[in-house]
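Note sheet for the following structure.
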Amino acid sequence: QVQLVESGGGLVQVGGSLRLSCAASGGTFSTYIAAWFRQAPGKERDFVAAITRNGGTTPYADSVKGRFTISRDNAKNTVYLQMNSLKPEDTAIYYCAASASQWVTAWRRGYDYWGQGTQVTVSS
């Protein structure tokens, strides 16, 4: 059983940056695919980015390509999301997720474990 705890959210102005962290415990984190999703008020939880076990593959949602970067440090059991050039439409609760699957996916139900989320608000 893996527990995930996100941190690093907050209020930032348009064009600013934030770095989210997701600390994992209770399992061998390096054996899991990790991902970030986000959910804006009244909307579904959407895929943002994922990273394979060794960090070699990192798919992104089109809406964040070129602005967000996902990375991981397996020695620290942590996955990161660097968010640059933030826009008001990036405002959402950001969730970390982990999957024991063999394949990386953008499908929400493909992930076995979820954090509690961290709020990101981008003001204009």
Side-chain angles (χ1 to χ4, degrees):
Q1 187 81 9
V2 174
Q3 292 82 44
L4 303 172
V5 178
E6 303 95 335
S7 61
L11 175 64
V12 63
Q13 291 187 335
V14 169
S17 299
L18 280 176
R19 188 196 196 202
L20 305 184
S21 299
C22 173
S25 62
T28 306
F29 186 59
S30 60
T31 64
Y32 292 89
I33 291 168
W36 289 93
F37 287 74
R38 66 185 182 186
Q39 187 167 16
K43 296 188 177 181
E44 294 190 351
R45 191 171 299 187
D46 292 331
F47 173 77
V48 174
I51 187 166
T52 49
R53 292 168 176 82
N54 63 1
T57 299
T58 54
Y60 293 90
D62 288 344
S63 58
V64 306
K65 279 181 183 176
R67 299 188 299 123
F68 290 12
T69 302
I70 189 171
S71 61
R72 68 190 297 164
D73 186 339
N74 287 335
K76 295 183 178 180
N77 291 336
T78 302
V79 62
Y80 304 97
L81 185 68
Q82 178 66 43
M83 307 186 294
N84 299 328
S85 302
L86 283 162
K87 305 175 181 180
E89 51 264 43
D90 295 318
T91 295
I93 298 175
Y94 283 71
Y95 296 90
C96 177
S99 171
S101 171
Q102 184 178 2
W103 309 108
V104 65
T105 179
W107 190 42
R108 184 174 71 240
R109 295 185 180 181
Y111 290 83
D112 307 292
Y113 304 101
W114 292 85
Q116 81 291 348
T118 185
Q119 177 71 48
V120 172
T121 303
V122 184
S123 65
S124 56

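Count residues from 1 along the sequence.
A pairwise comparison of heavy atoms in Ala34 and Phe29 identifies CB-CZ, 4.0 Å as the closest pair. Here the closest heavy-atom approach between residue Arg108 and residue Trp114 is recorded as O-CZ2, 3.4 Å. Looking at every heavy atom in both residues, Ser99 comes nearest to Tyr111 through CB-CD2, 3.5 Å. Contact record, Ala35 with Ile70: CA-CD1, 4.3 Å, taken as the closest heavy-atom pair. Listed here is the closest heavy atom pair of Trp36 and Leu20: CH2-CB, 3.7 Å.
The CD atom of Gln119 lies 9.5 Å from the CG atom of Leu11; values are rounded to the nearest 0.5 Å.
When hydrophobic clusters are built by joining Ile, Leu, Val, Met, Phe, Trp and Tyr residues whose side-chain heavy atoms come closer than 4.5 Å, directly or via intermediates, Val12 is grouped together with Phe68. In terms of hydrophobic clustering, with Ile, Leu, Val, Met, Phe, Trp and Tyr side chains grouped at heavy-atom distances under 4.5 Å, Ile33 and Tyr95 are assigned to a common cluster. One hydrophobic cluster holds both Tyr60 and Val122 under the rule that ILVMFWY side chains link at heavy-atom gaps under 4.5 Å.
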Exercise answer: donor-acceptor pairs, residues 44-58 side-chain atoms, under 3.5 Å, sequence neighbours excluded:
from: Arg45; atom 1: NE; to: Gln39; atom 2: OE1; distance (Å): 3.3
from: Arg45; atom 1: NH2; to: Gln39; atom 2: OE1; distance (Å): 3.4
from: Thr52; atom 1: OG1; to: Asn54; atom 2: OD1; distance (Å): 3.4
from: Thr52; atom 1: OG1; to: Gly56; atom 2: N; distance (Å): 3.3
from: Thr52; atom 1: OG1; to: Thr57; atom 2: N; distance (Å): 3.0
from: Thr52; atom 1: OG1; to: Thr57; atom 2: O; distance (Å): 3.4
from: Arg53; atom 1: NE; to: Thr31; atom 2: O; distance (Å): 2.6
from: Arg53; atom 1: NH1; to: Ser101; atom 2: O; distance (Å): 3.3
from: Arg53; atom 1: NH2; to: Thr31; atom 2: O; distance (Å): 3.2
from: Arg53; atom 1: NH2; to: Ala100; atom 2: O; distance (Å): 3.3
from: Arg53; atom 1: NH2; to: Ser101; atom 2: O; distance (Å): 2.6
from: Asn54; atom 1: OD1; to: Gly56; atom 2: N; distance (Å): 2.8

Residues 75-89, side-chain donor-acceptor partners within the protein, below 3.5 Å, at least two apart:
from: Thr78; atom 1: OG1; to: Lys76; atom 2: O; distance (Å): 2.8
from: Gln82; atom 1: NE2; to: Asn84; atom 2: OD1; distance (Å): 2.9
from: Asn84; atom 1: OD1; to: Ser17; atom 2: OG; distance (Å): 2.9

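Residues forming a side-chain contact (heavy atoms from CB on, under 4.5 Å) with Lys43 (at least two apart in sequence, or on another chain): Ala40. The ring-ring contact (aromatic ring centres under 6.0 Å, His included) check on Tyr94 picks up nothing, with sequence neighbours excluded.
Using modelled atom types, no side-chain atom of Thr118 and backbone atom of Ser7 make a donor-acceptor pair closer than 3.5 Å. Panel note: side chain Gln1, backbone Gly27; no donor-acceptor pair is recorded below 3.5 Å.
Sorted by first and then second residue, the pairs that involve residues 85-115 and meet disulfide (SG to SG under 2.5 Å), not counting sequence neighbours, are Cys22-Cys96. Here salt bridge (charged side-chain N to carboxylate O under 4.0 Å, His left out) pairs that include residues 90-105, with residues two or more places apart or in two chains, are Arg38-Asp90, Arg67-Asp90.
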